[in-house]
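What follows is a set of notes on a single structure, which appears directly below.
Everything numeric here is computed off the predicted structure, so don't read it as measured data. So that the names make sense, note that chain A is the first sequence line, chain B the second, and so on, each numbered from 1.
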2 protein chains.
Amino acid sequence: MTEALEFGVRALAGIGEIAPGDDLVEAIVAAARGTLRDGDILVVTSKVVSKSEGRVVRAIDRERAITQETARIVATRVHEHGVTRIVENHHGMVAAAAGVDASNTEPGTVLLLPVDPDASARRIADGVRRATGRRIGVVLSDTHGRPWREGQTDVAIGAAGVRVIDDLRGTTDAAGAPLAVTMPCPADELAAAGDLVKGKASGCPVAVVSGLGRLVGDLDLPGAAAIVRPAERDLFRMGTDEAIAHGMAAGRTAGYSAGRSIGFSEGFAAALTSSGRDRQRT
Amino acid sequence: MTEALEFGVRALAGIGEIAPGDDLVEAIVAAARGTLRDGDILVVTSKVVSKSEGRVVRAIDRERAITQETARIVATRVHEHGVTRIVENHHGMVAAAAGVDASNTEPGTVLLLPVDPDASARRIADGVRRATGRRIGVVLSDTHGRPWREGQTDVAIGAAGVRVIDDLRGTTDAAGAPLAVTMPCPADELAAAGDLVKGKASGCPVAVVSGLGRLVGDLDLPGAAAIVRPAERDLFRMGTDEAIAHGMAAGRTAGYSAGRSIGFSEGFAAALTSSGRDRQRT
């Protein structure tokens, strides 16, 4: 695979406010003024997609909206303003407040994430490809906090026509050694790069990344759903406080042998069992 | 604050292999051939910093090295090849295998992270500034997995002369509403952008980001240590399996009132206590 030696990222100026029902493809194509090229990748702030899709609810309905968007509560953060729920939404994605967003919205309203971000990305990519004749890719970005690190970065919550994960397993490094577990996630890195130029307050919801055409492909490539790790394989599927509380409740009645049924991962339960066996033998 | 409307990222070709004792500043300045400009940011793969600093150990000593680099085990992942430890290192940073790396290394060896990545970044930034007269910034990047999402992205483990976190709290969005909790982490986004051009296997350990001079400042700006969230404030300071096991052990002897002493966060313990009170009242 040839690596690009350079790429550029620019904010697409002139998109303006997006209202429910607005045609985002039209707005992007008009703002691009014929400058899109084959291999360009549009990094689109999911917020404007939510707006165009009418995913707007009244701010007083925010908590109920978060509940509706929630498939599972992962953790809760207690702070001076109340409680923030970090949840898994119906697409399996983990985000604070289920991605419900109150910044850069009409006063008195909040925005929900697009119903199906990958489908939204495909619609935009398909529309822009048809209108311009250019083989472009689309990443829908959203701003996420993360464990262990302060601050937020943008990540990909939707994608179309972009290789979201570069599976390098089976390839070799510069010294010929196998890159055993290396699976970069260019979709998230594209979202991050786009954020550096879009900013949060500048009213520029779309960035164009040029020069990384190696990451652009057909519209039937897997979307950002492929980035979501299923909870049962996740070491951090539950917040620490919640997991301790869960364990304490179980500890009053169950033994380690009940590991899996009380929420241990398969590997962990097996390791506990085998180390228990080792102990018995010595 | 004015936002850049575009920026470029290019791989710095011609750095070649770095061996213990090699002068990385000299290698970077030679490869740049006078092309660095004020406001450029060098994204340097931490691996070459480790090599130049001689942070090399024999592969057979890998597990012991990880133990030495570990301040606290956060979680363990059991898989077909053994057990991966996700740990907090002596700088508070959480990473798989304490960042000990076996790809792109001399056969039979593995690399430890630089002893003090922020100090390494400052040495490089200071050296390149002196040699070129250009006000450049430096980000040391490393490849990290993350909870909830498949694949890896590059993040900043060291930084100098770069604003690592853009604290927008107190500023307003395009509609005039306060950006209450918005704290983008451009250092991590720069590391991610750099990875898109450096790749994993291309032997290009340095990327130059041009056009984001607004993020470049004095060498005494906080380094990447400022991105590290202290464990006691982290909702995911312990893996789910470990936290459940910890709770189960405690559940056999202690009550919820002992919450803090068994590892609950302060906010969570307080919430449990107050909801307990509410229950008593009803």
Below 4.5 Å from any heavy atom of chain B, which atoms of [X] appear? Answer side chain, backbone, both or neither.
X      : answer
A:S210 : neither
A:I165 : side chain
A:E88  : neither
A:A226 : backbone
A:L12  : neither

Return the option, out of [options], with the maximum number of heavy-atom pairs under 4.5 Å with chain B.
options                        : value
A:V208, A:T153, A:I227, A:V78  : A:I227
A:G239, A:A75, A:P147          : A:P147
A:R146, A:R233, A:R149, A:E242 : A:R149

Best-contacting candidate, [options], against chain A by heavy atom pairs under 4.5 angstrom:
options                      : result
B:P230, B:G92, B:A192        : B:A192
B:V164, B:V74, B:V83, B:D188 : B:D188
B:E17, B:M93, B:H79, B:R229  : B:R229

Could you give the distance from [atom1] ([X]) to [atom2] ([Y]), rounded to the nearest 0.5 Å?
X      : Y      : atom1 : atom2 : answer
A:D241 : B:M238 : CG    : CE    : 9.0 Å
A:Q152 : B:D166 : CD    : CG    : 11.0 Å
A:F264 : B:M248 : CZ    : CE    : 5.5 Å

Salt bridge A:D234-B:R77, side-chain N to carboxylate O under 4.0 Å: no
Worked check of side chain to side chain contact (heavy atoms under 4.5 Å, CB included) between B:D154 and A:E189: CA-CA 8 Å; B:D154 268 27; A:E189 297 188 327; 4.0 Å; yes
Evaluation steps, side chain to side chain contact (heavy atoms under 4.5 Å, CB included), between A:L196 and B:L190: CA-CA 8 Å; A:L196 284 168; B:L190 286 162; 3.9 Å; yes
Shortest non-hydrogen contact between B:W148 and A:F236, atoms and distance: NE1-O, 2.9 Å
The single option from A:T76, A:T240, A:I86, A:T84 passing side-chain contact (heavy atoms from CB on, under 4.5 Å) against B:L235: A:I86
Evaluation steps, side chain to side chain contact (heavy atoms under 4.5 Å, CB included), between A:V228 and B:E150: CA-CA 6 Å; A:V228 172; B:E150 301 288 2; over 6 Å; no
